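Each remark here refers to the structure printed beneath this line.
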2 protein chains.
Amino acid sequence: MLDARKRQVLFAIVQDYIQTAEPIGSRTIAKRHALGVSPATIRNEMADLEELGFLAQPHTSAGRIPSDRGYRFYVDAMEQLPTLTAVDAETVKRQLSGMLRGQQTMLDALARLVSSLTNYTSIVVGPQPHQARLQLMQAVPLDENRAVIMLVLDTGMVANEVLALPRGLDMYDLLVFCNYVNLNLAGTLLSKLKDMNFEAYAGQLRAGAQVLEQTMDSLIASLSRSDGDRVVLSGATNILNQPEFKDIAKLRAIMRVLDEHELVLRLVTSAPGAGASVSIGAENAVEALRDCSLITATYELSGGQTGHICVLGPTRMEYARVIALLNYVTKLVGRA
Amino acid sequence: MLDARKRQVLFAIVQDYIQTAEPIGSRTIAKRHALGVSPATIRNEMADLEELGFLAQPHTSAGRIPSDRGYRFYVDAMEQLPTLTAVDAETVKRQLSGMLRGQQTMLDALARLVSSLTNYTSIVVGPQPHQARLQLMQAVPLDENRAVIMLVLDTGMVANEVLALPRGLDMYDLLVFCNYVNLNLAGTLLSKLKDMNFEAYAGQLRAGAQVLEQTMDSLIASLSRSDGDRVVLSGATNILNQPEFKDIAKLRAIMRVLDEHELVLRLVTSAPGAGASVSIGAENAVEALRDCSLITATYELSGGQTGHICVLGPTRMEYARVIALLNYVTKLVGRA
DNA sequence: GTTAGCACTCGCCAGTGCTGAGTGCTAACA
DNA sequence: TGTTAGCACTCAGCACTGGCGAGTGCTAAC
């Protein structure tokens with residue numbers, strides 16, 4: 001679709017612009033990339049590329065910068081996925097092996113790892129409980145009238161809450177209720193539990209029924225949280241380093257999006273499944289991210305639960321490097 | 001120390017400047033505050049106040065702005081703590097009653113509440129385990145070779161982790177170990193557990209000893225986390241709205257500080273105990289926060305654990321309102 | 001098809017002059 | 001002695017200007 005030299009020129013501009021963030025002129029290309037032709041020739045090619053929509057010119061006497069379409073072409077044309085530098089791979093491996101412990105902590109550390117390695121903002125979405133089933137409900141008495149109530153899923157996820165026993169409900173009642181739940185509901189899909197009304201179960205416990213039901217609902221909700229709390233952000237500061245966002249208004253618009261975890265969640269989870277998926281500039285549904293690109297990758301834990309890692313940067317992003325990194329990280333995370 | 005009129009002038013400037021973020025001139029004061037004197041007289045007072053260090057002048061022909069010392073005087077002089085507007089109080093009460101559930105969620109919601117009400121950045125530090133003791137250790141089998149291990153403290157805090165049974169350690173061994181811990185270590189202070197070497201206990205389990213010990217350490221660490229993970233930030237975006245931070249460099253410096261949760265933790269927890277404590281501009285140890293003020297309040301849960309809520313804003317902060325809010329919030333949180 | 005030459009465009013920058021807000025000083029007043 | 005009106009002065013902000021330089025598009029020659 002583009003002849004060889006046009007591609008060379010386009011790629012040169014994309015690469016240089018990613019590095020410098022300054023519009024690239026014909027002379028610069030002629031000097032830095034040995035295309036074997038003069039600036040004038042390159043100018044002609046550039047004019048063609050602009051007409052085709054791959055380049056844009058900020059103003060008449062400036063060099064060219066890639067358009068969204070230009071970046072898209074560049075990304076699609078990266079035939080084999082570029083590999084990570086050895087040092088990056090090493091860093092990932094080392095850090096990752098140290099962090100495969102508690103859930104929340106891991107998401108956090110993962111986000112931090114990715115953002116520090118890329119110098120972009122990273123977004124990690126925790127695994128969805130998916131097909132999780134209730135394994136066990138348990139109450140642990142703390143003192144005469146307080147107990148911790150815990151729900152354990154077969155995926156190993158745990159939710160817990162402290163319950164102050166209301167008048168008319170004693171520890172024994174609570175344990176009976178636990179037994180009842182374990183006998184009748186062990187193995188039930190989390191999604192089913194969500195729609196369930198526990199009043200029927202707790203009903204026999206007269207006074208405490210409402211409190212118990214509230215507690216159960218809250219525990220189940222916290223396990224199946226499809227909302228903001230599964231989203232972890234890191235390196236938002238890195239946005240400030242990008243010259244394209246020295247304008248406070250733009251910055252604020254982006255930050256505001258990042259603050260809305262529900263929106264971010266939808267954005268990140270909507271990415272198609274396999275491999276790293278790239279969404280460039282105006283391809284993003286959200287207005288405020290028109291100058292940004294998102295690279296999203298999906299990881300799958302051994303239990304079959306899936307989550308997402310996403311990198312947010314300017315459209316002028318180091319696509320190759322980030323894609324390689326995300327592919328590597330998701331692979332490693334999946335293995336653990 | 002300051003005669004009545006000087007105080008009036010100073011307060012007028014502080015209040016107006018908090019509202020407008022523009023240097024205040026003598027004429028403005030004469031018009032907006034009925035001091036009964038002409039601008040010329042006010043000018044004389046202002047010159048005196050500047051000499052005394054309560055005011056500063058950005059440049060010769062600008063009005064005056066309060067210095068750190070000016071704010072300090074203003075804050076110290078607020079005799080009785082100003083009360084919250086009824087509508088604010090109502091909002092707090094309503095929101096708060098809905099959120100007193102899961103730990104992490106609550107911190108998050110609390111931070112969000114405070115930042116949305118103040119339009120500043122809020123920092124919430126979760127309660128320290130303090131004098132917590134081990135209540136129970138429990139293992140819940142998930143399948144043949146995976147189990148969730150949970151530690152429950154007498155404060156109701158729970159840490160859990162999935163353990164893949166290594167070769168040579170079976171479910172029975174694990175349960176024995178649990179029993180052993182419960183028999184020998186229940187009631188032990190968390191701080192003691194931290195320094196404990198579980199190899200001795202796990203030693204008899206030959207092969208699995210190391211894995212078990214690692215798991216215990218990680219669980220205990222996550223319970224006693226004195227590091228970053230107890231810190232929850234919200235409304236960092238609000239910083240962008242302050243005209244004093246339209247300069248990207250300053251902004252970045254502040255953001256960088258906020259990213260370092262350990263530093264933030266130290267900053268917030270170092271505030272003296274009772275009531276809301278205010279730290280203005282250069283009073284902050286951290287260089288990057290020289291143009292900021294921190295208002296920190298401590299809450300104490302029924303269990304005796306203490307945590308902190310902190311509001312970060314420009315030195316030109318609505319001190320009265322924020323102090324009132326924090327006092328109210330901490331009181332309400334403490335009750336639950 | 002390629003290239004050198006050249007006129008042209010336009011952002012950026014430094015310099016200029018104007019305006020308005022606000023001050024400090026002085027002298028007059030109560 | 002404290003207060004006030006008047007006035008000269010200062011200085012940021014703004015609009016405007018001209019020069020510079022980077023980079024372009026076009027044309028004509030190779």
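Note on naming: letters A, B, ... go to the chains in the order of the sequence lines (proteins, then strands), and numbering restarts at 1 for each one. Being a predicted model, the structure only gives us computed values, none of them experimental.
- His308(A) and Thr296(A) share no donor-acceptor pair across their side chains, judged by distance under 3.5 Å alone.
- From the 5' end on, the contacts that DNA chain C makes with chain B at under 4.0 Å to a non-hydrogen atom open and close at dA21(C) to dG24(C).
- Rounded to whole angstrom, the span from the NE2 atom of His59(A) across to the C1' atom of dG23(D) amounts to 8 Å.
- Residue-to-nucleotide contacts include a donor-acceptor pair under 3.5 Å from the side chain of Ser61(B) to the base of dC11(D).
- For the residue pair Gln95(B) and Arg112(B), no side-chain donor N or O sits within less than 3.5 Å of a side-chain acceptor on the partner.
- As rounded to whole Å, 18 Å separates atom P of dC9(D) from atom CD of Gln57(B).
- Across Gly25(B) and Met46(B), no two heavy atoms sit closer than the pair C-CE, 4.3 Å.
- Using the Watson-Crick or G-U wobble rule with both distances under 3.5 Å, dC6(C) pairs with dG25(D).
- Summary of the strand contacts: Gly36(A) and Pro23(B) both lie near DNA chain C, and taking for each the nucleotide with the nearest heavy atom, the more 5' one is attributed to Gly36(A).
- Taking atom CG on Asn44(B) and atom P on dT1(D), their separation rounds to 15 Å, with Å as the unit.
- Of the side-chain N and O atoms in Thr41(B), one or more sit less than 4.0 angstrom from OP1 or OP2 of dT4(D).
- One atom, CD of Glu50(A), and another, C1' of dG23(D), lie 13 Å apart when rounded to the nearest Å.
- Remark: dT19(C) base-pairs with dA12(D); criterion is Watson-Crick or G-U wobble with both hydrogen-bond distances under 3.5 Å.
- Across all strands shown, dC12(C) is found opposite dG19(D) as a Watson-Crick or G-U wobble partner, with both distances under 3.5 Å.
- Contact detail for Ile254(A) and Ala288(A): the closest heavy-atom pair is CG1-O, 3.7 Å.
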Verdict with reasoning, Thr121(A) to Asn238(A), per side chain to side chain donor-acceptor pair (under 3.5 Å): CA-CA 6 Å; Thr121(A) 303; Asn238(A) 290 333; 5.6 Å; no

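- Judged by distance alone, the side chains of Asn284(B) and Ser279(B) do bring a donor and an acceptor atom under 3.5 Å apart.
- For Thr60(B) and Ala40(B), each mapped to the nucleotide of DNA chain D holding its nearest heavy atom, the one lying further toward the 5' end belongs to Ala40(B).
- Look at CE on Met46(A): it is 9 Å from C1' on dG23(D), rounded to the nearest Å.
- The distance from atom CZ of Phe73(B) to atom CG of Asp68(B), rounded to the nearest 0.5 Å, is 15.5 Å.
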